[in-house]
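A short write-up of the structure that comes next.
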Amino acid sequence: MAMNAKPSTQIMTESTTFEDRLEDLEAEEQPIVFGSFDLRPDGAGSPTAPRILRQALRQTDSDGLDHGRLTELLESALDEAAEAGHAGLFLAGTIDAPTRFLLPSATPPRNSLVIARKAPRFELERLRALCRAPAAVVWADRSGVTWAHVGGHGEPVTGRLDGDLHAMHDSLGRTGQHDRGGSAQMPAGGHSKARIEESAEEARDRFAREAAEALQASLTDADELIVHGPPEFSARLVGQLDARLRDRLEESDPVEREPSIDELAAEARELSVRSQYRQASALLDTIIGGAAGERAASKVEVLTEAAAAGRIDTLVFDEDSVGHFGTAIDARVHEPTRDAAVIESLLRSARRDSAATCWFVGHESMDDQTDGVVGLLRW
């Protein structure tokens, strides 16, 4: 391959497929370029990923590397992903083809870059956790109900149910009667203003029931739900939802205008991330508080042995136990708070040998846990 040729690239859509490609790269037994990048602009609107990329490369072992070409190839991948509207990007490849495999993400990861024989899994597993919780955001008004449902790394599932504007709007009803020979005060045919309003109210209730049925069919697994819209319609819709969805309803700030589908999906992703942290914190409290009994373990040696034996059910990690280059909003270098190699080895074994579920909490939540990870055993 000519030195100036751009290597071929495969764009993944699922984190599991991307991880399979990491396994393939590791089997080639040569240095792997692995990176995760937050493509969002900073608070001033400037892109941060290219600057962080160059900073990370300066801190990488430079023996035998063509830094200029490597920077050019990686920056090109970052630029293209950002132009496509992705919030984050994972990339992996070899020194000669560092962008062989790409995984765009709507939920941004933290910035990292490693050149090593083994590609780290921590940031990829963290993203998988942050995207895991099924969550939905709904907009309801007289024109219809629109929703976006996320859960997992794939594209959001969206839906729309249109309302009958004429039937639900009493002034439209009066105008319709007026046009057929009546007046605004006393429509033709003996229909009173009160009857028209009653008919509009019935239409609104009927639409709320239809919309609730559509949502309940589409959001069967939603852990979290937000409903926006004028209270006349959003509250009516909430009143028609079954108890299962109402129990998962989260309070939210009022929204002045109807959001786009993309805005609904973005809010649903944020809701999914918040759900992960809430559930992870609850699990941490269960484990360290003694409610899990003998299934709880908080020593990395015990967890590592149990993982290899297929006995790990759940792990909760301090998300800063490994180092990273921050985010687009906070681009400081974060040094690891624990032995990153030990944490990475445990995570790999827990996923490979135990098919464990991994959760992540902020450093302040795990501060008094010296090993930076706790877990639940299967037996």
Side-chain angles (χ1 to χ4, degrees), residues 15-16 18-20 22-23 25-27 29 31-32 34 36 59 61 90 92 109-110 112-132 276-326 333-379:
S15 60
T16 51
F18 183 77
E19 190 166 20
D20 289 342
L22 292 181
E23 299 281 351
L25 286 172
E26 290 175 346
E29 297 185 347
I32 296 169
F34 174 89
S36 61
Q59 298 183 23
D61 182 7
F90 286 81
R110 299 174 305 188
S112 68
L113 182 67
V114 174
I115 300 177
R117 294 284 181 175
K118 297 286 186 181
R121 299 293 197 274
F122 193 90
E123 197 58 40
L124 185 62
E125 194 63 43
R126 177 177 172 271
L127 178 81
R128 187 176 288 143
L130 294 182
C131 296
R132 181 191 300 129
Q276 192 280 155
Y277 284 118
R278 276 198 296 269
Q279 294 184 63
S281 293
L283 275 169
L284 180 62
D285 290 343
T286 296
I287 295 168
I288 66 178
E294 294 182 355
R295 293 183 60 210
S298 59
K299 293 298 182 184
V300 71
E301 296 85 356
V302 173
L303 291 168
T304 299
E305 182 179 348
R311 296 178 53 217
I312 295 289
D313 179 80
T314 303
L315 290 175
V316 182
F317 290 93
D318 172 356
E319 67 177 358
D320 284 329
S321 56
V322 303
H324 56 87
F325 290 89
V333 175
H334 291 249
E335 298 295 337
T337 61
R338 306 301 197 283
D339 187 330
V342 170
I343 291 291
E344 177 69 25
S345 177
L346 169 60
L347 187 150
R348 279 173 172 264
S349 178
R351 293 287 297 139
R352 180 187 64 241
D353 302 320
S354 291
T357 301
C358 298
W359 300 82
F360 296 82
V361 295
H363 177 60
E364 66 284 351
S365 299
M366 191 74 79
D367 201 26
D368 58 348
Q369 298 299 309
T370 56
D371 289 342
V373 58
V374 300
L376 285 175
L377 308 182
R378 290 200 171 100
W379 66 85

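Heads up: numbering here begins at 1 and tracks the sequence.
Within the 3.5 Å criterion, the main-chain N or O of Ser345 finds no donor-acceptor partner in the side chain of Ser349. Side chain of Ser321 to backbone of Arg338: no donor-acceptor contact under 3.5 angstrom is found. Although no hydrogens or angles enter the test, the distance criterion places a donor-acceptor pair under 3.5 Å between the side chain of Glu123 and the main chain of Arg110. Without hydrogens or angle criteria, Asp371 side chain to Val373 main chain gives no donor-acceptor distance under 3.5 Å.
Minimum heavy-atom separation, Ala306 to Ser354: O-OG, 3.9 Å. Of all heavy-atom pairs spanning Phe360 and Gln276, the tightest one is N-OE1, 2.8 Å. Contact detail for Ala308 and Asp353: the closest heavy-atom pair is CA-OD2, 3.9 Å. Nearest approach of Cys358 to Ala129, heavy atoms of both residues: O-CB, 3.6 Å. Closest approach of His324 and Asp320 over heavy atoms only: NE2-OD1, 2.9 Å. For the pair Ala292 and Ile287, the tightest heavy-atom approach, listed with the atom from each and the gap, is CB-CA, 4.4 Å.
Separation of atoms OG (Ser36) and CG (Leu124) is listed at 9.0 Å; rounding is to 0.5 Å. The CG atom of Leu130 lies 7.0 Å from the CD atom of Glu319; values are rounded to the nearest 0.5 Å. Expressed to the nearest 0.5 Å, how far CD1 of Ile343 lies from OG1 of Thr304 amounts to 8.0 Å. Atom CH2 of Trp379 sits about 10.5 Å away from atom CG of Asp313, to the nearest 0.5 Å. Note that CZ of Arg311 is 5.0 Å distant from CG of Leu377, once rounded to the nearest 0.5 Å. The CD1 atom of Ile312 lies 10.5 Å from the CZ atom of Arg295; values are rounded to the nearest 0.5 Å.
Within the 4.5 Å cutoff, the side chain of Asp318 has no heavy atoms near those of the Gln369 side chain. Here the side chains of Val316 and Val361 are in contact, with some heavy-atom distance below 4.5 Å. Under the 4.5 Å side-chain criterion, counting only non-hydrogen atoms from C-beta, Arg351 is in contact with Arg128. Using a 4.5 Å heavy-atom threshold, the side chains of Lys299 and Thr370 count as touching. Using a 4.5 Å cut-off on side-chain heavy atoms (C-beta onward), Phe90 and Leu127 make contact.
Around the CD atom of Glu301, the shell of radius 6.0 Å holds more than 12 heavy atoms that belong to other residues, nucleotides or ligands.
A perpendicular orientation is assigned to the rings of Phe317 and Phe122, their planes being inclined by more than 60° (bins at 30° and 60°).
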With a 3.5 Å cut-off and sequence neighbours excluded, list the donor-acceptor pairs that the side chains of residues 113-121 form with protein atoms.
residue	atom	partner	partner atom	Å
Arg117	NH1	Glu29	O	2.5
Arg121	NE	Glu19	OE2	3.2
Arg121	NH1	Glu26	OE2	3.1
Arg121	NH1	Ala119	O	2.6
Arg121	NH2	Glu23	OE2	3.3
Arg121	NH2	Glu26	OE1	3.4

